[in-house]
Number of protein chains: 2
Amino acid sequence: MVTMTAAQRREREKAAFDAYMDACPTHQLMGIIGNKWSTMVLMDLAHGARRYAEVSNALPGVSAKMLTQTLRSLERDGFVTRTVTPAVPVQVEYTLTLLGERIVPLITSMQEWADRHMDEIDAARKNYDDGRHLASG
Amino acid sequence: MVTMTAAQRREREKAAFDAYMDACPTHQLMGIIGNKWSTMVLMDLAHGARRYAEVSNALPGVSAKMLTQTLRSLERDGFVTRTVTPAVPVQVEYTLTLLGERIVPLITSMQEWADRHMDEIDAARKNYDDGRHLASG
DNA sequence: CAGTATCCCCTCGGATACTG
DNA sequence: CAGTATCCGAGGGGATACTG
């Protein structure tokens, strides 16, 4: 089946690339901090230990479901420690691990980059959108 | 209606926070580079100008739809320049803008962080998953 | 207080087919 | 070559209601 070789090689390259993407540390990191609440939670915990309700108050937009889900992911990935103190009612405290503290500077550098360049991005968007509407008229 | 004050203040805080999130440069940046193909495209273009098919070949996993969509977004946001050369067939070349070149170091630093810490994250995940299965047994 | 469970929408992204 | 158009499934994320 020599005729299929090209398509087959395509298939193999794609499969290999997909596997590479799944294993790629950068994309795994994106999966961790790329969702809506992770960075916000991380940056809030960077100020010190917080209880569930405290994080919830600091982030008025987050639903209980997403806060729990975000916290659980961060715990599983080793960024956050969850400490339960038996009491009535039960107390739960979240703190950054060492790994959690180590990602803070990275997030900070992303914030700084964003702050420095967002004006330029906004300008580019306006420029592009104006060009489009002219082109269509 | 003094009785509604607490709930109303909640609503207002949430609305204000939502507005803040939408305007937050960091989250806008996440929206730009947080999707599946943006960083890959950016890093490919960092090596020099590329034609559509060249990027497509460099990234065997991307569909035409997503490649076009990613390229268009990056163009709109000012990271990429699209140059059409009238010919038969038409030639289209993509290059990084100055803004595009300026985000490369940020992506590189994310890659380096990911490479340095992914082992630790994997270990944390295994640890967490083991703990869960013990807790459930 | 600190969640869990359920429903539901909406966007992201892939597959396929077609075009100048 | 460099796309566009359409359909579709997966899952991220919100609203609501309930619980130890």
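So that the names make sense, note that chain A is the first sequence line, chain B the second, and so on, each numbered from 1.
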Evaluate whether atom CZ of B/Arg12 has more than 12 neighbouring non-hydrogen atoms of other residues, nucleotides or ligands under 6.0 angstrom away.
no

Separation of C/dA2 C1' from A/Leu67 CG (nearest whole Å):
10 Å

All heavy atoms of B/Met110 vs all of A/Leu29, minimum pair found to be O-CD2, 3.7 Å

Tell me which of B/Leu71 and A/Trp37 sits closer to the 5' end of DNA chain D, going by the nucleotide each one is nearest to.
B/Leu71

I want to verify a distance call: between C/dT4, D/dG14, C/dG13, whose nearest atom is closest to the A/Ala64 side chain?
C/dT4

Here the distance between atom P of C/dG14 and atom CG of B/Leu59, to the nearest Å, is 11 Å

Could you check which of D/dG13, D/dG3, D/dA2 has an atom nearest any side-chain atom of A/Lys36?
D/dG13

Within the pair A/Arg82 and C/dA2, is there a side-chain N or O less than 4.0 Å away from OP1 or OP2?
no

Which of the following nucleotides, C/dG14, D/dG20, D/dC1, is nearest to the side chain of B/Arg51?
D/dC1

Return the value, rounded to whole Å, for the distance between atom OH of B/Tyr94 and atom C1' of D/dC1.
11 Å

Separation of C/dC1 C1' from A/Arg50 CZ (nearest whole Å):
17 Å

With the side chain defined as heavy atoms from C-beta on, A/Asn35 is closest, among D/dG13, C/dG13, C/dC1, to D/dG13

Separation of B/Tyr52 atom OH from C/dG20 atom C1', in whole Å?
15 Å

Classify the ring geometry between B/Tyr94 and B/Tyr52 as parallel (under 30°), tilted (30 to 60°) or perpendicular (over 60°).
tilted

Grab the CE-C1' distance between B/Met66 and D/dC8 for me, whole Å please.
15 Å

Nearest to the side chain of B/Arg72, which nucleotide is it out of D/dC1, D/dG14, D/dG3?
D/dG3

Looking only at heavy atoms, the pair that brings A/Ile32 and A/Ser38 closest together is O-OG, 2.9 Å

Taking D/dT4, C/dG14, C/dG3 as options, the one with an atom nearest any side-chain atom of B/Lys65 is C/dG14

Minimum-distance nucleotide to A/Val90 side chain [options: C/dA2, D/dA2, C/dG14]
C/dA2

Calculate the interatomic distance between A/Gln91 atom CD and D/dG20 atom C1'; express it in whole Å.
16 Å

When every non-hydrogen atom of A/Gly78 is compared with those of A/Thr97, the smallest separation belongs to O-OG1, 2.6 Å

